[in-house]
Number of protein chains: 2
Amino acid sequence: MSQSVGRALAILPMLAEGPAGLEQVATRLGVHKTTAMRLLRTLHEHGLVYRQDDQRYRLGARLFALAQAAAESLDVREIAHPHLVKLGEVTGHTVHLAVYEDREVMYIDKVDSRYPVRMYSRIGRPVAITVAAVAKLLLADLPEPERRAVAERLEYPMYTPRSTPDAPALLAELAAVREQGWATDFGGHEESINCIGAPIRGADGRTAAACSLSAPNVVVTADELMTLLPQLRRTAAAISDDYSGRVPA
Amino acid sequence: MSQSVGRALAILPMLAEGPAGLEQVATRLGVHKTTAMRLLRTLHEHGLVYRQDDQRYRLGARLFALAQAAAESLDVREIAHPHLVKLGEVTGHTVHLAVYEDREVMYIDKVDSRYPVRMYSRIGRPVAITVAAVAKLLLADLPEPERRAVAERLEYPMYTPRSTPDAPALLAELAAVREQGWATDFGGHEESINCIGAPIRGADGRTAAACSLSAPNVVVTADELMTLLPQLRRTAAAISDDYSGRVPA
DNA sequence: CAGGTTGGTTGCGCAACACGCAACGTGCGT
DNA sequence: ACGCACGTTGCGTGTTGCGCAACCAACCTG
């Protein structure tokens, strides 16, 4: 919409791949050096990019502060966190929390059996949206047109033979997930990792977030993991209660 | 430099304080609604802001991804992390890692005795630059003109009676720190918290980062904490070796 | 050491683009 | 049902961001 702003923002993901010099940025943006410079300067003034000693630019530390603030404004996370920690302690497995936002699914919290961690590991990385249990839960609850639109626009990488192959398969699975109120990913992303997920619902009944329990095959079989499903669902329900209570919207 | 980009970027810290509606953003920016809208749209297209159900805007999840990438491009952190973890395990105290960037000091990693955590707690929050041990170390090694300029522009909040009161006091302490090669903060930020820090130097000998060890009074006295100084300095030296070896620049 | 190359910086004229106005929708509260 | 507050759209104007060209500085290379 706004040309210069758009160009400036396009620089950020570029720099996310690694530091780059002025010329490099200019050519990749398809603009004149001088234009790129003005944009970079403005970004620099606002702390979003930093100029390192060799005059190349990289992402700036201000992003930490913004991401931190963004995390704090996601109140689902605040509310869910203690529940997730407890679930992690009890089961000893990895717990994830994810939300859907603008055709993307993002992990926003993670609890390992021993490490309560934010912004770590997969948090901030793109979720395998076609196979992850949390993704299925979040997509399953989208309004029909958007769900279809998203499903059809996705790519379907075959991480493993059990990965969801295409849009029809995904939509079918989403229907099932919607029906049963929970989701699984048995080796669909990594051969040896199984995963079960449950939805967190807001006061309006819509799925506001999803949490999941993951464990490698070598620790527990898929069947054994499934025995934890009731516990996971109880946790999700507890979070839903807290969440819908506190955010009546 | 670039008006529209500057305005757009100014929106981000605004939203960091909490979600805001279009009108709110417009008035705080001092621009017409329609202008604010165009900027917000562009930010939205790039995932930096998200429009929640009530049509208000908040920071978007894409920021997580960018912050993550920013963190990964800070190779000091990568290199230092294992050392910090070890130090945390051995001493049982909290370890911080910080860098200086554009007149600000940022925590970029933290290790608690039990929790290795990134982007958590104070990471991303402004460092108490006038009192923190790591801040003193980083400021102490700035070139004279910049150091003076920074010191004089700072505010000197008296968190406690032991906080650094003004620029001359800070500059005096920086000189001492520079001399001795380590820094302390005994109750200067929070009455009951003591802290010691040591510099991490790059191949050129400049201080590239600083790490610190913090503990509350009730656990160890300042004197006891000081007995860990040699260990802290060894860790910092080890990181420096790794770092200067790997980044000959 | 001269000459070429690469990458960054500055000044300036032109027109594209971003700005704000005004008018239109829309949902909510009274 | 009405009015108000807030978000949205179309459009003319001139500010502002654009690219050109020329200028530096550093680094190779012969």
Side-chain angles (χ1 to χ4, degrees), chain A residues 1-12 14-15 17-60 73 101-102 143 145-146 202-204 206 247-249, chain B residues 1-12 14-15 17-60 73 101-102 143 146 203-204 206 247-249:
Chain A
M1 285 269 102
S2 186
Q3 189 185 60
S4 50
V5 177
R7 284 173 170 174
L9 298 183
I11 292 176
L12 297 177
M14 275 184 47
L15 294 184
E17 295 168 22
L22 174 61
E23 178 105 343
Q24 227 175 118
V25 172
T27 51
R28 284 192 57 184
L29 261 189
V31 301
H32 196 88
K33 290 190 294 186
T34 176
T35 303
M37 200 178 82
R38 245 169 314 107
L39 300 175
L40 281 165
R41 276 215 189 133
T42 316
L43 288 168
H44 178 85
E45 277 167 20
H46 288 257
L48 295 191
V49 309
Y50 176 70
R51 187 144 208 207
Q52 37 186 210
D53 300 333
D54 59 354
Q55 284 193 322
R56 294 190 308 162
Y57 296 89
R58 63 168 171 72
L59 295 179
S73 74
E101 184 166 300
D102 275 331
E146 186 171 3
D204 54 0
R206 299 272 326 274
V247 186
Chain B
M1 284 268 100
S2 186
Q3 188 185 61
S4 50
V5 177
R7 284 172 170 175
L9 299 183
I11 292 176
L12 297 178
M14 273 184 49
L15 294 184
E17 294 167 24
L22 173 61
E23 178 110 340
Q24 231 176 115
V25 172
T27 52
R28 284 192 57 182
L29 262 188
V31 301
H32 196 89
K33 291 188 294 186
T34 178
T35 303
M37 199 178 80
R38 245 171 315 106
L39 300 176
L40 281 165
R41 276 215 190 134
T42 318
L43 288 167
H44 178 88
E45 277 168 19
H46 289 258
L48 295 191
V49 309
Y50 176 69
R51 188 139 208 212
Q52 38 187 185
D53 299 334
D54 58 355
Q55 284 192 320
R56 292 191 308 163
Y57 295 88
R58 62 167 172 73
L59 295 179
S73 74
E101 184 167 297
D102 276 329
E146 186 171 3
D204 54 0
R206 299 274 323 277
V247 186

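Excluded from the calculations below are hydrogen atoms, water molecules and symmetry mates; all remaining heavy atoms, backbone and side chain alike, are included. Lettering of chains follows the sequences in order, A, B, ..., and the numbering in each one begins at 1. Quick caveat: nothing in here was measured; it's all calculated off a predicted structure.
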Is there a side-chain polar atom (N or O) of T34(B) under 4.0 Å from OP1 or OP2 of dT8(D)? no
Using OP1 and OP2 only, check whether a side-chain N or O of R7(B) sits under 4.0 Å from dG17(D). no
Provide, to the nearest angstrom, the distance between the CE atom belonging to M37(B) and the C1' atom belonging to dC6(D). 12 Å
Counting only side-chain nitrogens and oxygens, does R41(B) get under 4.0 Å of the OP1 or OP2 atom of dT9(D)? yes
Could you check how far CD of Q55(B) sits from P of dC6(D), rounded to whole Å? 12 Å
Quick check on dG19(D): is either OP1 or OP2 less than 4.0 Å from any side-chain nitrogen or oxygen of T35(A)? yes
L39(B) CG - dG17(D) C1' separation (whole Å): 14 Å
Assign each of Q24(A) and Q3(A) to its nearest nucleotide of DNA chain C by heavy atoms, then name whichever residue's nucleotide is nearer the 5' end. Q24(A)
Taking atom CG of D102(A) and atom CZ of R51(B), what is their separation to the nearest 0.5 Å? 11.0 Å
Upstream residue (5' side of DNA chain D) when V31(A) and K33(B) are each assigned their closest nucleotide: K33(B)
Do the non-hydrogen side-chain atoms of V5(B) and L9(A) ever get within less than 4.5 Å of each other? no
Which distance, rounded to the nearest 0.5 Å, do you find between the CG of L15(B) and the CD of Q24(B)? 9.5 Å
So does S2(B) get a backbone contact from the side chain of T42(A), meaning a donor-acceptor N/O pair under 3.5 Å? yes
Side chain of H32(B) only, please: which of dC19(C), dT8(D), dC21(C) is the nearest? dC21(C)
Among the candidates dT9(D), dT8(D), dT9(C), find the nucleotide nearest to the side-chain atoms of L22(B). dT8(D)
May I have the distance from H44(A) (atom NE2) to dG8(C) (atom P), rounded to whole angstrom? 15 Å
Less than 4.0 angstrom between a side-chain N/O of R38(A) and OP1 or OP2 of dG11(C), yes or no? no
Quick one: L40(A) CG to dG8(C) P, roughly how many Å, whole number? 10 Å
Answer yes or no: does a side-chain N or O of R56(A) lie under 4.0 Å from OP1 or OP2 of dG7(C)? no
Are more than 12 heavy atoms, taken from residues, nucleotides or ligands other than D53(A), located less than 6.0 Å from that residue's CG atom? no
Rounded to the nearest angstrom, tell me the gap between atom CD in Q52(B) and atom P in dG7(D). 12 Å
Rounding to an integer number of Å, can you tell me how far E23(A) CD sits from dC27(D) C1'? 15 Å
